[in-house]
**Q** 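The following block contains the structure, expressed as structure tokens.
Naming: A, B, ... by sequence-line order, numbering from 1 per chain.
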2 protein chains.
Amino acid sequence: MKHPDTKEKILNAALDFFSRHGYSGASIRQISRAVGIRESAIYNHYKSKEEIFLAILSSFKLKTISKEILSDDLLDEVINPDKFLKTFARRLIEHWNKPGERKFIRVLLMEQFTHISNKELSTTDYLSELREICRLIFSEMVKTKIIKPLDPGLLSEEFTAPLFLIRTEYLSSDDFVDINTVYERANKHVEFFWKAIRIK
Amino acid sequence: MKHPDTKEKILNAALDFFSRHGYSGASIRQISRAVGIRESAIYNHYKSKEEIFLAILSSFKLKTISKEILSDDLLDEVINPDKFLKTFARRLIEHWNKPGERKFIRVLLMEQFTHISNKELSTTDYLSELREICRLIFSEMVKTKIIKPLDPGLLSEEFTAPLFLIRTEYLSSDDFVDINTVYERANKHVEFFWKAIRIK
DNA sequence: GTCTATAGTTGGATAGAC
DNA sequence: GTCTATCCAACTATAGAC
């Protein structure tokens, strides 16, 4: 398809408005105008505002970060754990900085307490795959005695938590100017973390 | 005044609804019902919904965590940094777990992107005082050579970031059942952090 | 200060023509 | 699939009696 069809246009516009005004703050009227159709035409694609929201949720649920971040060439670098962790963190920041992902994280933070149609929407769920990947990585590093024999689950949280907070703190500004600030803060964190876990 | 506490009742009810449904999701109607008066009576105390929101913001802006968490008896314990950090973290969790604080953090996370009446509402602002306190503490620890000569600003973030993420992750559940889980996770973090910065 | 009554607006959603 | 037209529920806010 040359252009995204109307159904996907609606999804994109809805995500944009939800991410800026929240679910109840965004209206079908605004969304339809952004798409370029009338409100009533929306209902040919989704039966309700709620259904649009749920469609957004499942579209992000299907995504998996593994392949994107943990490419084969990166895995080859595990022998050089310092550099590996830095590259991994950088890719994570890049991933979280993609426009769609930024918007989704904003929606996640905004709607995690509102329980729209009894749907669970939690940062725990959002981070679970990443944490699992990190657990495996650190578990492997402990086994091969590259790092101290610490609990991989704990290491996973210590590694990811500051990165995620850094990411969410820079989520307000709409421009991408300060992405380098994010990288710098992330890098300093990784350095601190690496020195804490390495075997001298 | 015949009913001197109505104004504060409104503030409390509003905070409660804002924290569960967001600013636009909460209505004056619901708030007034919770207070036990009609919608129109609200406007004898606040001229608009927005004014109620701003009143909540300034009521939390006035609060200062220093005195509450950094009591004199705790400061005396700096000689025993391991225990000091654990107590400090525990008090922080306790502070963040107070019903009003929990609600405010929820509102903060929900409304940080919506820019209600152009008001800045950011986690950076919310955490700034705490971070400043931590910087001072770690700066002192570096000076007295209790810990490694690391950047106090970095240490402040490494110490607080996982604690704050832990706090926000357990903010969804309304009950207080799993507060001990929060304490456990916080404790493990402090142990990891302490081992990373201490001079052996 | 609180009430009833109501203005005025915006929201989600449907019916039926094309 | 999109349009016009419309419904009606819910919202913020005001006016005026008590």
**Q** Looking at residues at least two apart in the chain, or sitting in another chain, which of them share a salt bridge (Lys or Arg N to Asp or Glu O under 4.0 Å) with A:Lys103?
**A**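 Counting only residues at least two positions away or on another chain, A:Lys103 forms a salt bridge (Lys or Arg N to Asp or Glu O under 4.0 Å) with A:Asp16.
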**Q** Using a cut-off of 4.0 Å between protein heavy atoms and nucleotide atoms, how would you tag nucleotides 4-11 of chain C 5' to 3' with B, S and -?
**A** B------B
**Q** Side-chain polar contacts of residues 74-83 of chain A - donor-acceptor pairs under 3.5 angstrom, sequence neighbours left out - could you list them?
**A**
none

**Q** Are B:Arg20 and A:Phe113 in a cation-pi contact, defined as NZ or CZ under 6.0 Å from the six-membered ring centre and within 45° of the axis?
**A**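 No, cation not above the ring by the 6.0 Å, 45° rule.
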**Q** Nearest whole angstrom, please: distance from the P of C:dG1 to the OH of B:Tyr46.
**A**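 One finds 12 Å between P of C:dG1 and OH of B:Tyr46, rounded.
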**Q** Expressed as a whole number of angstroms, how long is the span from B:Ile10:CD1 to D:dA13:P?
**A**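 Answer to the nearest Å: 13 Å.
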**Q** Grab the NE2-C1' distance between A:His45 and D:dG1 for me, whole Å please.
**A**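 Atom NE2 in A:His45 sits about 6 Å away from atom C1' in D:dG1.
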**Q** The criterion is salt bridge (Lys or Arg N to Asp or Glu O under 4.0 Å); which residues satisfy it with B:Arg185, sequence neighbours excluded?
**A**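 A:Glu157, B:Glu169.
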**Q** Applying salt bridge (Lys or Arg N to Asp or Glu O under 4.0 Å), name anything that partners A:Glu129, two or more places apart in sequence or on another chain.
**A**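 Once residues adjacent in sequence are excluded, A:Glu129 has no partner under the salt bridge (Lys or Arg N to Asp or Glu O under 4.0 Å) criterion.
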**Q** Rounded to the Å, how far apart are B:His21 NE2 and D:dA10 C1'?
**A**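 Distance, rounded to whole Å: 15 Å.
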**Q** Looking at residues at least two apart in the chain, or sitting in another chain, which of them share a salt bridge (Lys or Arg N to Asp or Glu O under 4.0 Å) with B:Glu111?
**A**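 Partners of B:Glu111 by the salt bridge (Lys or Arg N to Asp or Glu O under 4.0 Å) criterion come out as none, since no residue qualifies.
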**Q** Could you tell me how far apart B:Glu50 (CD) and D:dA13 (C1') are, to the nearest whole angstrom?
**A**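 B:Glu50 atom CD is separated from D:dA13 atom C1' by 14 Å.
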**Q** Over how many whole Å does the gap from A:Tyr43 atom OH to C:dA15 atom P extend?
**A**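 Computing the A:Tyr43:OH to C:dA15:P distance gives 13 Å.
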**Q** Which whole-number value in Å describes the distance from A:Lys47 NZ to C:dT14 P?
**A**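 The distance from NZ of A:Lys47 to P of C:dT14 comes to 9 Å, rounded to the nearest Å.
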